[in-house]
Each structure stands twice: as structure tokens, then as C-alpha cells.
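Before any comments, here is the structure.
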Amino acid sequence: MRGGEKDDDAWLQDAEVQTRIEEERGRWVVSLVFIDTNNPSRVLVNEIADYRSRRLAEIHARNMQLTAAKDTRGTQKVKKDDYDINNN
């Protein structure tokens, strides 16, 4: 870990975690989206895995989200209009 990196990543401890499922080349790709609750414009998208069906991707995405989120109840911390994730 480089100097200062620990402080730069500290926001991830309290970040809201959402999932994103997208079809790519016939597979369903699951990504975790970490959103800074204090600065919703700061996001980190981490591609996790891909699955052969959307249903499998949804099951695994939900499990990963609950594991990664500090607030396991899944309550919304950030308003959806506060951030915009563009794949382009």
C-alpha cells in the first residue's frame, strides 16, 4: 500500500454498495458499485464475475451486495439522483 492510499480508500468503509448486472457477449456480468455517502460523485465499480443466466447473476449479486455492504439491511443511503454511472 502506497503512502496516503489508506486515507484515500477510507470512504469505502461506509460506502453504499449496489449491484449492476449487464449482458456482455451472451454472459451476465455482475459488478459491485461502491458509492461514497458523503460525496455521491465518488464511485468505484468493481466487476466481480459473469454467469450464464440473468437469474444466476441476480442471486449471486444479491449475496455479494449483502456481504460487501456495511449496512446489511440494504437501506438506501444515497439518493439515486445524486450520482450517475455512465458506461461510455
Side-chain angles (χ1 to χ4, degrees):
M1 192 174 281
R2 295 183 308 253
E5 188 173 315
K6 183 177 180 181
D7 293 335
D8 292 343
D9 294 340
W11 67 273
L12 290 168
Q13 295 290 329
D14 295 321
E16 178 181 348
V17 181
Q18 295 186 5
T19 57
R20 182 173 69 180
I21 301 171
E22 296 178 319
E23 186 177 15
E24 292 181 11
R25 296 183 302 272
R27 301 284 291 180
W28 294 93
V29 178
V30 176
S31 300
L32 289 179
V33 180
F34 297 87
I35 305 165
D36 187 344
T37 55
N38 297 315
N39 179 7
S41 65
R42 182 173 11 179
V43 297
L44 172 68
V45 180
N46 189 6
E47 189 175 300
I48 302 297
D50 61 272
Y51 300 92
R52 69 178 184 268
S53 72
R54 181 170 182 87
R55 182 66 184 136
L56 281 174
E58 289 169 347
I59 291 168
H60 288 275
R62 179 70 178 149
N63 288 336
M64 286 185 270
Q65 181 180 19
L66 290 174
T67 301
K70 184 175 182 181
D71 183 357
T72 56
R73 297 166 297 171
T75 56
Q76 186 80 4
K77 298 177 187 173
V78 179
K79 295 177 186 172
K80 294 235 184 253
D81 293 336
D82 289 345
Y83 62 92
D84 180 37
I85 299 172
N86 186 344
N87 294 330
N88 295 327

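All heavy atoms count here, side chains included; hydrogens, waters and symmetry mates do not. Here, residue 1 is the first one in the sequence, and each next residue gets the next number.
- Rounding to the nearest 0.5 Å places CD of Gln65 at 13.5 Å from CZ of Arg20.
- Of all non-hydrogen atoms in Val45 and Ser31, the two that sit nearest each other are CG1-CB, 3.9 Å.
- Note on Leu12: it clusters hydrophobically with Leu32, by side-chain heavy-atom contacts below 4.5 Å among ILVMFWY residues.
- The two atoms that bring Ala61 and Thr19 nearest to each other are O-CG2, 3.3 Å, heavy atoms only.
- Between Ser41 and Asn39 the shortest heavy-atom distance is OG-OD1, 2.7 Å.
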- Task: Please assess Asp50 against Glu24 for the test side chain to side chain contact (heavy atoms under 4.5 Å, CB included), listing each intermediate value before the final yes or no.
- Result: CA-CA 9 Å; Asp50 61 272; Glu24 292 181 11; over 6 Å; no
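- Of all the heavy atoms in Arg54 and Ile21, the pair that sits closest is NH1-CG2, 3.7 Å.
- One finds the CZ atom of Arg27 at 9.0 Å from the OG atom of Ser53 (value rounded to the nearest 0.5 Å).
- Screening residues 15-36 for ring pair (Phe, Tyr, Trp, His ring centres under 6.0 Å) gives no qualifying pairs among residues at least two apart or on separate chains.
- Hydrophobic cluster membership differs between Ile48 and Ile59, with clusters built from Ile, Leu, Val, Met, Phe, Trp and Tyr side chains linked at under 4.5 angstrom.
- Cluster membership check: Val17 shares its hydrophobic cluster with Leu44, using side-chain heavy-atom separations under 4.5 Å among Ile, Leu, Val, Met, Phe, Trp and Tyr.
- Residues that satisfy the ring pair (Phe, Tyr, Trp, His ring centres under 6.0 Å) test with Tyr51, not counting sequence neighbours, are His60.
- Rounding to the nearest 0.5 Å gives a distance of 5.0 Å between CD of Glu16 and CD1 of Ile35.
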